[in-house]
Amino acid sequence: MKKQQNTTRISNILPPIIVIVSLLIIWQTVSMLKLVPGYMLPSPVQVVKAFVSDFPLLMQHSRATLIEAFLGLTIGVGLGFLSAALMDAFPFVKAGLYPILVLTQTIPPVALAPLLILWFSYGIAPKVVLVVLVTFFPVAVGLLEGFQSVDRDMILLMKSMKATDWQIFIHVKLPNALGEFFAALKIAVSYSVVGAVIAEWLGGYEGLGVYMTRVKKAYSYDKMFAVILLVSALSLILMLLVRLLQKKLMPWKHSDHD
């Protein structure tokens, strides 16, 4: 049984590894053959060298970005949960609030960031606000769908047992919405890092976005690629942490071979 689980894990991991390695080989080959100018597309080797040489500086900027992402994500998840609960409990709240939520997603974060910097200056506040805006929507919508997809017979059964609305919410609706919540949270954690970088890119004193702006002005595109890969890695790590948390809180949703 354990051997079968290990074989399944390897079969799940192997395809993306093969694809990534193949892309890196193609990228390196294109760079070595000078098919694309080096200043436009630095080779993977150059990117790795840039990452290693600027590693302490990248970690310093990463700390600022992660703090902004964590604060914004925490507030966004809290507001998303509260909004979803209110929209589920009160239909008139959903009728008034849901269209506004959809409307907020039609505004590009790049367009909002300069306004937030204008209103809140260049400190941490505009970055956190932008992260809240980009993480709030998926959590609110995901939870709302989870709350409202509960089996109606289960709710009727609970009511027949004299359960209060609060008890129904805690024991029926909330467990039912956990799957949708974690699916939305995986999206939100990746948005949180990207949102913080976008806000920093348009104005700030520290963070990966500020670092990107500085190396871009210096035409150090190998360092640009290095920070892009770092942002992707941070997003993937956060998504993995959410997945591990989901397995801990929802063991019944994961089979032995998962």
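In this text, all values refer to a predicted model and were calculated from it rather than measured experimentally.
Here the closest heavy-atom approach between residue G207 and residue T65 is recorded as CA-OG1, 3.5 Å. Contact between S190 and S235 at its shortest, heavy atoms only, is O-OG, 4.0 Å. Between G72 and T135, the closest heavy-atom pair is O-OG1, 3.7 Å. The two residues K127 and A196 have their closest heavy-atom pair at CG-O, 4.3 Å. The nearest pair of heavy atoms linking V210 to E200 is CG2-O, 3.6 Å. When every heavy atom of S43 is checked against every heavy atom of W27, the shortest pair comes out as CA-NE1, 4.1 Å.
Between the side chain of S53 and the backbone N or O of A50, at least one donor-acceptor pair lies under 3.5 Å. A donor-acceptor pair under 3.5 Å is formed between the side chain of Q167 and the backbone N or O of T164. Looking at T213, its side chain does come within 3.5 Å of a backbone N or O of G209 through a donor-acceptor pair.
Of the inter-residue distances, the one linking S220 atom OG with R214 atom CZ reads 13.0 Å to the nearest 0.5 angstrom. Separation of atoms CG (L101) and OG (S83) is listed at 6.0 Å; rounding is to 0.5 Å. The CG atom of L234 sits 11.0 Å away from the CG atom of L229 when rounded to the nearest 0.5 Å. Note: D153 CG to S160 OG = 10.5 Å, rounded to the nearest 0.5 Å.
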With salt bridge (charged side-chain N to carboxylate O under 4.0 Å, His left out) as the criterion, how do D222 and K49 come out once you've worked through the C-alpha distance, each side chain's angles and the decisive distance to 0.1 Å? CA-CA 9 Å; D222 52 344; K49 287 181 179 179; over 6 Å; no
Carefully, step by step, assess E68 and S192 under the rule side-chain contact (heavy atoms from CB on, under 4.5 Å). CA-CA 8 Å; E68 295 158 2; S192 66; over 6 Å; no
Between F181 and V77, does the side-chain contact (heavy atoms from CB on, under 4.5 Å) criterion hold? Intermediate values first, please. CA-CA 10 Å; F181 169 70; V77 169; 4.0 Å; yes
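Counting heavy atoms from C-beta on, the side chains of V47 and I228 never come closer than 4.5 Å. At least one side-chain heavy atom of V194 sits under 4.5 Å from a side-chain heavy atom of I198. In this structure, L71 and V131 have side chains that are not in contact, with every pair of non-hydrogen atoms separated by 4.5 Å or more. In this structure, the side chains of F81 and L174 come closer than 4.5 Å at one or more pairs of heavy atoms. V141 has its side chain within reach of Y98: a pair of non-hydrogen atoms, C-beta onward, lies under 4.5 Å apart.
Under a cut-off of 6.0 angstrom, the local environment of CE in M59 is crowded, with over 12 non-hydrogen atoms contributed by other residues, nucleotides or ligands. Heavy atoms from other residues, nucleotides or ligands lying under 6.0 Å from CZ of R63 number 12 at most.
Salt-bridge formation is detected for the pair K223/D54: a Lys NZ or Arg NE/NH1/NH2 atom is positioned less than 4.0 Å from an Asp or Glu carboxylate oxygen.
A side-chain donor-acceptor contact under 3.5 Å links Q148 and K94.
In this structure, F51 has its ring center no closer than 6.0 Å to that of F225.
Ring geometry for Y211 versus H61: interplanar angle of 30 to 60°, hence tilted.
A side chain to side chain contact (heavy atoms under 4.5 Å, CB included) with M154 is found for exactly one of V172, I168, N176, namely V172.
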